Amino acid sequence: MVLFWTSAIVVLLGCAVRWFLRRRQTFWVRRGIPAAEKPHLLYGNVKGITSERHTANILLQLYRGFRQRRLPAGGFNLLFSPVLLVMDPILIERVLVHDFEQFQDRGLYANARGNPLFCETLFTLGGDRWKDVRRQLGPALDTVNVRTLFEATVRIAQSLTNYVADRERPQEIEWTDLLARYTTDVIGSCAFGIDCRTIRDRHRDEFRMMGHRAFQFSLRRMWKLRFGYTFRRLADVLRLCVHESSVERFFLQLCHSTVLYRESYQTVKRDFLQILLEMKGRGQLDMTQVAAQCYQFFIAGFETSASLLNFCLYELARNVDVQRRLRLAISRALDETDGQLSYDVVTSLDYLDQVVKETLRMYPPVDFLVRASSVDYEIDGVGTVPRDTLFVVPVYAIHHDPEYYPEPEVYNPDRFAAQPADAKPLTFLPFGHGPRHCLGEHFGLMLVKVGLVSLLRTFHFSLDTGRMPASISFKPRSLVLAPTSGMYLNVERV
């Protein structure tokens, strides 16, 4: 009898789950909204995500299919979550800017008991709480404060250059790893005032390992995020932990110990943590919130900046004429300052800015933006999209649309020499747009540009064709764009 009832309950649960999944996969059809065809019962329209294909490639395929149908937006299923892919630039501007009040949240799930730090980051905060924290943190990463972090960045970039120069066989360097160590050292110094020294000693990279684990992409984590967003109350009861608690404990303990040291020895450093401590002293933040913003500063910055630097060097090695032109521009600028690198010199290099922007176009570190609607939203030519639906802006796909960027697979920094009169707005979105655009944009660009200047004034790079594939493919399990194989370059002194 017990076996009978157990079997009956299992069968009933299985039928209920199947009914739920089938109903979710027919979400768009039942509402008469154009959508991708034949969603899989479990994976929806993203089969192979995290195992075979990166989200950039999946969204690019969906984007091109909807564009052929001349749709401003189209529905698809991310696992069991119905998602609207937004493609029309005018509609994107409405979602990100004009109707921002209806699209404040990113649709990410976190709870204070399971992930106390992630719960307090700007990634997950919404509503008035997000507005308050954003307003408080805005000045912390403005141009004035980024300038104060410039000297530490230059010092670490010089350490990177010296490390490469000291290698007997620099062609054996795996650049994806080395550049991640560089960004780790810079952000560790600028956020926490800590000398990580991972460039010289890769075995000291606990900082980087923790950041990597925080942003590691997996099917399990995606299911957790979708479950938490769809069944928020049940997830709260279950204390669903989306991010590894060990990672958060590491950053919380690090922040506590660093603050205790500074308060005990009355040490003051001009870094991001010090700015947060001053805010704490004014009663604007508590200790957990201070740690949360340091945690966010690190995990949001080191992977994305390393990705951008990695692809910059890759394209400069492939396009030797672009590399020579950039090196000449750097040399001329430094000749005027007797070789002294300053913040003003870096920001005044127009061609460097073009190179970085073209790399961001081809390889945006974060390949999509996501917003959650708080109201039923009417879209001409599509229909009424129910509230709580996720709206996704496929940044990578838009950046590779030939309507906006002719020959999109050709690396051409001159695209950004001047803004064309007929350029469509919101077709270049590497840092997002609107009130939720990336707060660390100025710092991230400074970090990358200083690293490029330091390397290019000393070395010439070319591709190691024997060890590099003919084309780059993206690692499926990475949230940011990262090459599947390592990156190896031929390095010669200039």
Side-chain angles (χ1 to χ4, degrees), residues 116-118 120-123 133-134 136-157 159-160 179-199 204-215 243 247-263 267-281 284-309 365 438-448 450-451 480:
L117 295 192
F118 188 58
E120 288 291 336
T121 66
L122 289 174
F123 296 132
V133 175
R134 174 79 184 205
Q136 293 165 359
L137 290 180
L141 286 170
D142 61 14
T143 303
V144 173
N145 283 317
V146 170
R147 278 179 177 270
T148 66
L149 305 175
F150 180 78
E151 288 187 11
T153 306
V154 171
R155 172 178 54 80
I156 295 168
S159 176
L160 170 67
L179 294 174
R181 283 148 59 191
Y182 162 68
T183 57
T184 297
D185 282 3
V186 172
I187 297 177
S189 175
C190 293
F192 293 92
I194 294 174
D195 186 5
C196 299
R197 291 183 287 177
T198 60
I199 290 176
R204 294 172 53 93
D205 63 351
E206 186 179 15
F207 222 66
R208 182 169 69 91
M209 287 174 57
M210 288 295 177
H212 178 71
R213 286 167 61 183
F215 252 48
H243 283 251
V247 175
E248 294 204 1
R249 285 197 302 270
F250 170 81
F251 280 97
L252 187 59
Q253 292 169 2
L254 176 65
C255 200
H256 271 293
S257 61
T258 304
V259 170
L260 179 62
Y261 176 86
R262 292 190 185 190
E263 291 177 345
T267 301
V268 176
K269 294 186 177 182
R270 294 317 305 168
D271 53 22
F272 185 63
L273 176 58
Q274 189 63 42
I275 296 169
L276 297 177
L277 290 178
E278 291 169 3
M279 294 170 64
K280 175 176 174 288
Q284 295 174 292
L285 300 172
D286 60 29
M287 193 61 230
T288 299
Q289 291 163 349
V290 168
Q293 302 319 315
C294 285
Y295 169 73
Q296 171 185 260
F297 185 85
F298 182 77
I299 65 172
F302 98 98
E303 285 270 26
T304 53
S305 300
S307 171
L308 175 54
L309 254 175
C438 178
L439 192 62
E441 175 181 353
H442 295 303
F443 174 77
L445 289 176
M446 184 269 290
L447 182 164
V448 169
V450 169
V480 302

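All of these numbers come straight from a predicted model, not from anything done at the bench. Only heavy atoms go into these numbers, but all of them, side chains included; no hydrogens, no water, no symmetry mates.
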Can you find a pair of side-chain heavy atoms, one from V450 and one from M446, that are under 4.5 Å apart?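 A side-chain contact under 4.5 Å exists here.
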Looking at E441, I want to see if its CD is surrounded by more than 12 non-hydrogen atoms of other residues, nucleotides or ligands under 6.0 Å.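 Atom CD in E441 is crowded, with more than 12 foreign heavy atoms closer than 6.0 Å.
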Do you know which two heavy atoms are closest between [X] and [Y], and how far apart they sit?
X    : Y    : value
L122 : R134 : CD2-N, 3.8 Å
F192 : C294 : CZ-CB, 3.4 Å
V290 : L273 : CG1-CD1, 3.7 Å

Short side-chain to backbone donor-acceptor contact, [X] and [Y], under 3.5 Å:
X    : Y    : value
S305 : F302 : no
S189 : D185 : no
Q296 : G301 : no
Y182 : L447 : yes
T198 : R181 : yes
Q274 : D271 : no

What distance do [X] atom [atom1] and [Y] atom [atom2] have between them, rounded to the nearest 0.5 Å?
X    : Y    : atom1 : atom2 : value
N145 : C190 : CG    : SG    : 11.5 Å
L137 : I275 : CG    : CD1   : 10.0 Å
M287 : L252 : CE    : CG    : 7.0 Å
T184 : E303 : OG1   : CD    : 8.0 Å
Q289 : M279 : CD    : CE    : 9.0 Å
R155 : D195 : CZ    : CG    : 6.0 Å

Listed partners of F297 passing ring pair (Phe, Tyr, Trp, His ring centres under 6.0 Å), at least two apart: F272, F443
